S.K.: 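Mind having a look at this structure? Questions to follow.
Scope of the values below: all heavy atoms of this structure, side chains included, with no hydrogens, waters or symmetry mates. This one's a predicted model, so the numbers in the text were calculated from it and none came from an experiment. Lettering of chains follows the sequences in order, A, B, ..., and the numbering in each one begins at 1.
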Amino acid sequence: MGKTIAEKIFDSHLVDNPSENIHVIRLDAVFCHEITTPGAINDLIAKGKDRVFDSTKIKAVIDHVTPAKDSKTAMQGKILRDWVSRHNIYDFFDIGRNGVCHAIFPEKGFVRPGYTVIMGDSHTCTHGAFGAFAAGVGTTDLEVGILKGVCAFHHPLTIKINIAGKLREGVYAKDVILSIIGRLGVNGATGKVIEFAGPVVDAMSMEARMTCCNMAIEAGATCGICCPDMNTVEYLWEFIKGDYATKKEAFEEFNKFYSDPDAIYEDVMEHDISRLEPLVTFGYKPDQVKPVKEMEGIKVDQVYIGSCTNGRIEDLRVAAQVLKGEKISDYVRGILSPATPKVFSRAMEEGILKIFMDAGFCVTNPTCGACLGMSNGVLAEGEVCASTTNRNFNGRMGKGGMVHLMSPATAAATAIAGHITNSKEFRD
Amino acid sequence: MKNFGGKVLFLDRSDINTDEIIPAKYLTEISKEALKPYLLEDLELDSFSPKQDIEGKNVIITRANFGCGSSREHAPWALETNNINLVIAESFARIFRQNMFNCGMMAVELPAVIIDHIFKRFSGKETSLETDLQKNLFVIKADELTDEISFNISDFDRSLVDAGGWVEYADSRY
Ligand code: SF4
């Protein structure tokens, strides 16, 4: 009987089956940030277990609120910083070198096909783009991951989504994933793995795959995953060239994890995107999506471009193309937060930051910032934000604020118009 | 053995997310106790008043997909510091459900028809619930009404509850 990629990864990492359907698996990487890790650290100290299973497999970053905005966030950073130095955790990214966790860790080559990864952050599913099983967990799972290098999961039932067709001009990975979430619903993949497949995914860059996998959790999925291919090898090559003689050899090694043709899926969904147009969310749930043209004219107070969903260089390039030579509306506050220092400096070299600034955007340092309403652009009650992030929950970017999720192209066009509108790249 | 029971808080809505259970702005709190006043502060639910409605309650009964959204364990902690250690729902988001058992608390699923039945019969009334972990039975009472409802939890979830959480369980085994 054939197996899915997630099942193959589980098989190769199995430690124990404490009860039927529960798999305790060995972890290749445990990622940490300053919001959810201090609770785990303090609890380990309180329990007299202040140890780490393997300091080389733990990677840490301060990204959610950086620079610290008050004494409490300063303390969260300090707890993480002290812990990292106490345990010689070498891969730690503090201010000046830090960026949004799900953007910076892949960029450093920390995620490989076939890996198992956990982090105390729901969008850890992003890393599945590399053919890894990567899941967001709570603080206690994180704590056990840090201490013992294991985590328990149910059997990874998988929904396969075959994405077929050809994307129209001005339609992007963000629109694809919004259309999928709209179809599945916020509860449509709860506890399951979503495997993204088909010609559209094969043709996607690693960045676009990350955008898709990033939002798998918004349909409730444990992980989004793409089978590794030559794109994956190309992206990772600078990190793995010491391990393999040729790219082909690396590909063959990774290909062991490729889902078998006769693998058993919980469900297989055909998703044709040929007629897809740019989408935007309209409520407090990410599955409430509509074509942009049906939301045309809704005024916004702020436009936010950034986050682990759409803060990478490709996203900035697309937005800059729309913004070039334009000015954003006088009534809109535009905020750009490049996701990592590397993205920031690339954008600087390519003249992208200048385009944003000339258009009237404020450019912040790499951080989660406004995405979760903690700093750098929190909304006031009654305000509306057009955002390239992944969550539009009530209060997400500030109590009483409304968030409309969209692609970077749509967000840039919206900033210019002052209201929700399609970018000029899209012609109906 | 912990006692799972007491007065019931009914939340008649699906997809209640972790931002509603505990908003992100309180994630800077490092102690669990500090989260106590903010539980369900942003819940979108008609005529729900967190201050009055949570007081004295020990069990939540709700609809589908409770706890969706972020991975924050602050959500179960905010429940725990308010003396709520049992949530009964039609379904849960995976991370939330796991977090509950990892903390030695319970998140129990019942079929939609039974949840619906409980809502019809008991919501709006002063309701209390007791859990018989030996018999896998909830006993729900309001005025002269009593219902016995059986439930299932996996052996693994039960051993987490017995061990007092996943850290203790994993550290003694792996
Ligand atoms: S950018 Fe937003 S969604 Fe991504 S990790 Fe940061 S807070 Fe979470």
S.K.: Is it the backbone or the side chain of A/Thr190 that comes under 4.5 Å from a heavy atom of chain B, or both, or neither?
M.R.: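 Side chain only.
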S.K.: Around atom NZ of B/Lys141, are there more than 12 heavy atoms of other residues, nucleotides or ligands at under 6.0 Å?
M.R.: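 No.
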S.K.: Mind checking what makes ring pair (Phe, Tyr, Trp, His ring centres under 6.0 Å) contact with B/Phe138, not counting sequence neighbours?
M.R.: B/Phe151
S.K.: Do the non-hydrogen side-chain atoms of B/Arg158 and A/Ser19 ever get within less than 4.5 Å of each other?
M.R.: no
S.K.: Should B/Cys68 and A/Asn187 count as side-chain neighbours, where that means a heavy-atom distance under 4.5 Å?
M.R.: no
S.K.: Applying side chain to side chain contact (heavy atoms under 4.5 Å, CB included), run through B/Val167 and A/Thr140 and close with a yes or a no.
M.R.: CA-CA 7 Å; B/Val167 180; A/Thr140 304; 3.7 Å; yes
S.K.: What parts of residues 83-93 of chain B touch chain A if we use heavy atoms and a cut-off under 4.5 Å?
M.R.: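 Result: B/Ser91, B/Phe92, B/Ala93.
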S.K.: Is it the side chain or the backbone of A/Val186 that comes within 4.5 Å of chain B heavy atoms, both, or neither?
M.R.: both
S.K.: What part of B/Gln98 gets closer than 4.5 Å to chain A, counting heavy atoms only: side chain, backbone, both or neither?
M.R.: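 The answer is the side chain of B/Gln98.
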S.K.: Count the heavy atoms of every other residue, nucleotide or ligand shown that sit under 6.0 Å from CD of A/Glu266, and state whether that count exceeds 12.
M.R.: yes
S.K.: Rounded to the nearest 0.5 Å, what separates atom CD in B/Glu29 from atom CE in A/Met75?
M.R.: 12.5 Å
S.K.: Once rounded to the nearest 0.5 Å, what's the spacing between atom CG of B/Asp155 and atom CG of A/Asn21?
M.R.: 11.5 Å
S.K.: Around atom CD of B/Glu130, are there more than 12 heavy atoms from other residues, nucleotides or ligands closer than 6.0 Å?
M.R.: no
S.K.: Tell me, do B/Asn102 and A/Val144 make a side-chain contact under 4.5 Å, heavy atoms counted?
M.R.: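 No, their side chains stay 4.5 Å or more apart.
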S.K.: Picking from B/Gly165, B/Ser14, B/Gly69, B/Ser31, which has the most non-hydrogen pairs under 4.5 angstrom with chain A?
M.R.: B/Gly69
S.K.: Quick one: what part of A/Arg396 sits under 4.5 Å from any heavy atom of chain B, side chain, backbone, both or neither?
M.R.: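 For A/Arg396, the contact with chain B is made by backbone and side chain together.
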S.K.: Using non-hydrogen atoms only, which part of B/Asn99 is less than 4.5 Å away from chain A: side chain, backbone, both, or neither?
M.R.: side chain
S.K.: For atom NZ of A/Lys69, decide whether the heavy atoms of other residues, nucleotides or ligands shown that lie under 6.0 angstrom number more than 12.
M.R.: yes
S.K.: What option among A/Val137, A/Asp141, A/Thr73 has the most heavy-atom pairs under 4.5 Å with chain B?
M.R.: A/Asp141
S.K.: Working to the nearest 0.5 angstrom, can you tell me the gap between A/Tyr284 OH and B/Asp42 CG?
M.R.: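 Between A/Tyr284 OH and B/Asp42 CG, I get 10.0 Å after rounding to 0.5 Å.
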S.K.: Who among A/Asn42, A/Val150, A/Val24, A/Asn390 has the most heavy-atom pairs with chain B under 4.5 Å?
M.R.: A/Val24
S.K.: Measure the CG-NZ distance between B/Leu27 and A/Lys72 for me, rounded to the nearest 0.5 Å.
M.R.: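 It is 11.5 Å, given to the nearest 0.5 Å.
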S.K.: Where on B/Asp15 is there a heavy atom nearer than 4.5 Å to chain A: the side chain, the backbone, both, or neither?
M.R.: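 When you check distances to chain A, only side chain atoms of B/Asp15 fall under 4.5 Å.
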S.K.: Need one label for B/Glu41: side chain, backbone, both or neither, based on atoms under 4.5 Å from any heavy atom in chain A.
M.R.: both
S.K.: Please look at A/Ile22 and chain B and tell me whether the side chain, the backbone, both or neither of the residue comes under 4.5 angstrom of a heavy atom of that chain.
M.R.: side chain
S.K.: Write down the atom of B/Ile95, the atom of A/Gly136, and the distance for their closest heavy-atom approach.
M.R.: CD1-O, 3.2 Å
S.K.: Is A/Pro18 close to B/Tyr169 at the side-chain level, that is, under 4.5 Å between some pair of heavy atoms?
M.R.: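 Side-chain contact under 4.5 Å: yes.
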S.K.: Whether B/Arg173 and A/Asp16 form a salt bridge (side-chain N of Lys/Arg under 4.0 Å from carboxylate O of Asp/Glu) is what I want to check.
M.R.: no
S.K.: Out of A/Ala152, A/Ser375, A/Pro286, A/Gly220, return the one with the most heavy atom pairs under 4.5 angstrom to chain B.
M.R.: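 Of A/Ala152, A/Ser375, A/Pro286, A/Gly220, A/Ala152 has the most heavy-atom pairs under 4.5 Å with chain B.
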S.K.: Show every donor-acceptor pair shorter than 3.5 Å between a side-chain atom in residues 27-39 of chain A and any protein atom, with sequence neighbours excluded, or say none if there are none.
M.R.:
residue : atom : partner  : partner atom : Å
A/Asp28 : OD2  : A/His13  : NE2          : 2.7
A/Asp28 : OD2  : A/Thr116 : N            : 2.9
A/Asp28 : OD2  : A/Thr116 : OG1          : 3.4
A/His33 : ND1  : A/Ile35  : N            : 3.1
A/His33 : NE2  : A/Asp121 : OD2          : 2.8
A/Glu34 : OE1  : A/Asp63  : N            : 3.0
A/Glu34 : OE1  : A/His64  : N            : 3.3
A/Glu34 : OE2  : A/His64  : N            : 3.0
A/Glu34 : OE2  : A/Val65  : N            : 2.8
A/Thr36 : OG1  : A/Gly120 : O            : 2.7
A/Thr37 : OG1  : A/His33  : N            : 3.2
A/Thr37 : OG1  : A/His33  : O            : 2.5

S.K.: Applying a criterion of heavy atom separation less than 4.5 Å, what residues of residues 71-78 of chain B form contacts with chain A?
M.R.: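 Within residues 71-78 of chain B, the residues that come under 4.5 Å of chain A (heavy atoms only) are B/Ser71, B/Arg72, B/Glu73, B/His74, B/Trp77.
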S.K.: I'd like to verify something: which residue of A/Lys47, A/His154, A/Met374, A/His123 has the highest number of heavy-atom pairs under 4.5 Å with chain B?
M.R.: A/Lys47
S.K.: What part of A/Ala221 gets within 4.5 angstrom of chain B, counting heavy atoms only: side chain, backbone, both, or neither?
M.R.: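 Neither part.
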S.K.: Under 4.5 Å heavy-atom distance to chain B, tell me which part of A/Cys151 shows up: side chain, backbone, both or neither.
M.R.: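 Only the backbone of A/Cys151 comes within 4.5 Å of chain B.
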S.K.: Are A/Lys285 and B/Asn17 close enough that some pair of their side-chain heavy atoms sits under 4.5 Å apart?
M.R.: no
S.K.: Using a cut-off of under 4.5 Å on heavy-atom pairs, state which of B/Arg94, B/Lys32, B/Arg97, B/Glu20 scores highest against chain A.
M.R.: B/Arg94
S.K.: Quick one: do A/Glu143 and B/Trp166 satisfy side chain to side chain contact (heavy atoms under 4.5 Å, CB included)? Show the steps, please.
M.R.: CA-CA 9 Å; A/Glu143 194 173 325; B/Trp166 171 229; over 6 Å; no
S.K.: Quick one: do A/Arg51 and B/Asp171 make a salt bridge, cutoff under 4.0 Å?
M.R.: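 The answer is yes: the pair qualifies as a salt bridge.
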S.K.: Could you look at A/Leu142 and say if it's the side chain, the backbone, both or neither that has a heavy atom under 4.5 Å from chain B?
M.R.: neither
S.K.: Please determine, among A/Glu20, A/Glu218, A/Met119, A/Lys49, the option with the most heavy-atom pairs under 4.5 Å with chain B.
M.R.: A/Lys49
